[in-house]
J.: 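Have a look at this one.
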Amino acid sequence: MSDATCAHLGAVTNVRHAKRRECAECVKMDAQWVHLRTCQECGATLCCDSSPNRHASKHARNSGHPVVASSEPGERWLYCYPDEAFAEY
Ligand SMILES: [Zn+2]
Ligand SMILES: [Zn+2]
Ligand SMILES: [Zn+2]
């Protein structure tokens with residue numbers, strides 16, 4: 001991660017990818033999502049802030065897991081919630 005802008009992003013060495021192409025929480029409540037993000041701490045794949053339920057940012061706040069990667073095909077970037085920092089890889 002050469003252009004890392006915070007320590008959390010700098011700590012990611014192997015980017016975790018989505019195991020399933022769905023938000024684990026939206027599926028349970030039969031909700032819709034827009035984009036998917038994968039937590040780099042525990043591998044949970046959840047929905048983005050453009051989605052009605054914003055499960056990825058809720059997860060980051062509640063669990064203290066700071067960094068997500070985009071789970072969208074062709075997108076190669078990481079985002080740190082507490083620092084609002086962004087890095088491509
Ligand atoms: Zn950070
Ligand atoms: Zn969701
Ligand atoms: Zn997590």
Side-chain angles (χ1 to χ4, degrees):
M1 249 19 82
S2 53
D3 58 349
T5 46
C6 76
H8 307 112
L9 293 174
V12 177
T13 48
N14 283 309
V15 176
R16 285 172 174 254
H17 297 286
K19 292 195 186 74
R20 306 177 66 128
R21 301 214 46 80
E22 58 190 29
C23 171
E25 294 299 323
C26 283
V27 163
K28 286 186 211 160
M29 53 196 272
D30 202 22
Q32 303 289 313
W33 61 86
V34 180
H35 299 299
L36 295 171
R37 308 288 179 245
T38 300
C39 177
Q40 295 302 292
E41 200 80 28
C42 67
T45 295
L46 299 163
C47 56
C48 71
D49 280 357
S50 303
S51 309
N53 294 293
R54 301 181 176 191
H55 285 125
S57 59
K58 279 181 195 159
H59 174 78
R61 241 189 344 267
N62 296 339
S63 64
H65 297 167
V67 179
V68 291
S70 173
S71 321
E72 298 302 314
E75 292 189 3
R76 294 172 58 85
W77 53 259
L78 299 166
Y79 181 74
C80 174
Y81 283 102
D83 294 308
E84 296 180 16
F86 186 84
E88 297 194 7
Y89 64 88

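Atoms within a ligand are numbered from 1 in the order they appear, just like the ligands themselves. Predicted, not measured: the structure shown is a model, and the values here were computed from it. FYI, the numbering just counts along the sequence from 1. Computed over heavy atoms, backbone and side chain alike; hydrogens, waters and symmetry mates excluded.
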J.: Answer yes or no: does atom NZ of Lys19 have more than 12 heavy-atom neighbours from other residues, nucleotides or ligands under 6.0 Å?
T.: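 No - once you tally the heavy atoms of other residues, nucleotides and ligands closer than 6.0 Å, there are 12 at most.
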J.: Quick one: the SG of Cys42, the Zn ion (ligand 3), SG of Cys39 angle, rounded to 10°, please.
T.: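 An angle of 110° at the metal.
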J.: Report yes if the side chains of Cys47 and Glu25 come closer than 4.5 Å at any heavy-atom pair, otherwise no.
T.: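 Cys47 does not reach Glu25 side chain to side chain.
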J.: Checking one value in my table: which N/O/S atom of His8 lies closest to the Zn ion (ligand 1)?
T.: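 Among the N, O or S atoms of His8, the one closest to the Zn ion (ligand 1) is ND1.
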J.: Of all the N, O or S atoms in His65, which one sits nearest to the Zn ion (ligand 3)?
T.: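 Sorting the N, O and S atoms of His65 by distance to the Zn ion (ligand 3) puts ND1 first.
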J.: So with a 6.0 Å cut-off around CZ of Arg21, is the heavy-atom count from everything else above 12?
T.: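 Yes, CZ of Arg21 has more than 12 neighbouring heavy atoms, counting only those of other groups under 6.0 Å.
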J.: Measuring from the Zn ion (ligand 1), name the closest N, O or S atom belonging to Asp83.
T.: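 The atom in question is OD2.
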J.: When you measure from the Zn ion (ligand 2) to each N, O or S atom of His55, which atom gives the shortest distance?
T.: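 Closest N, O or S atom of His55 to the Zn ion (ligand 2): ND1.
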J.: Check the angle between the aromatic planes of Tyr89 and His17 and answer parallel, tilted or perpendicular using the 30° and 60° thresholds.
T.: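 Geometry flag for His17 against Tyr89: tilted rings.
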J.: Angle at the Zn ion (ligand 2) between SG of Cys23 and SG of Cys26, to 10°?
T.: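 Rounded to 10°, it measures 110°.
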J.: Where is the tightest heavy-atom contact between Cys26 and Gln32, given as atom of each residue plus distance?
T.: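 Result for this residue pair: SG-O, 3.8 Å.
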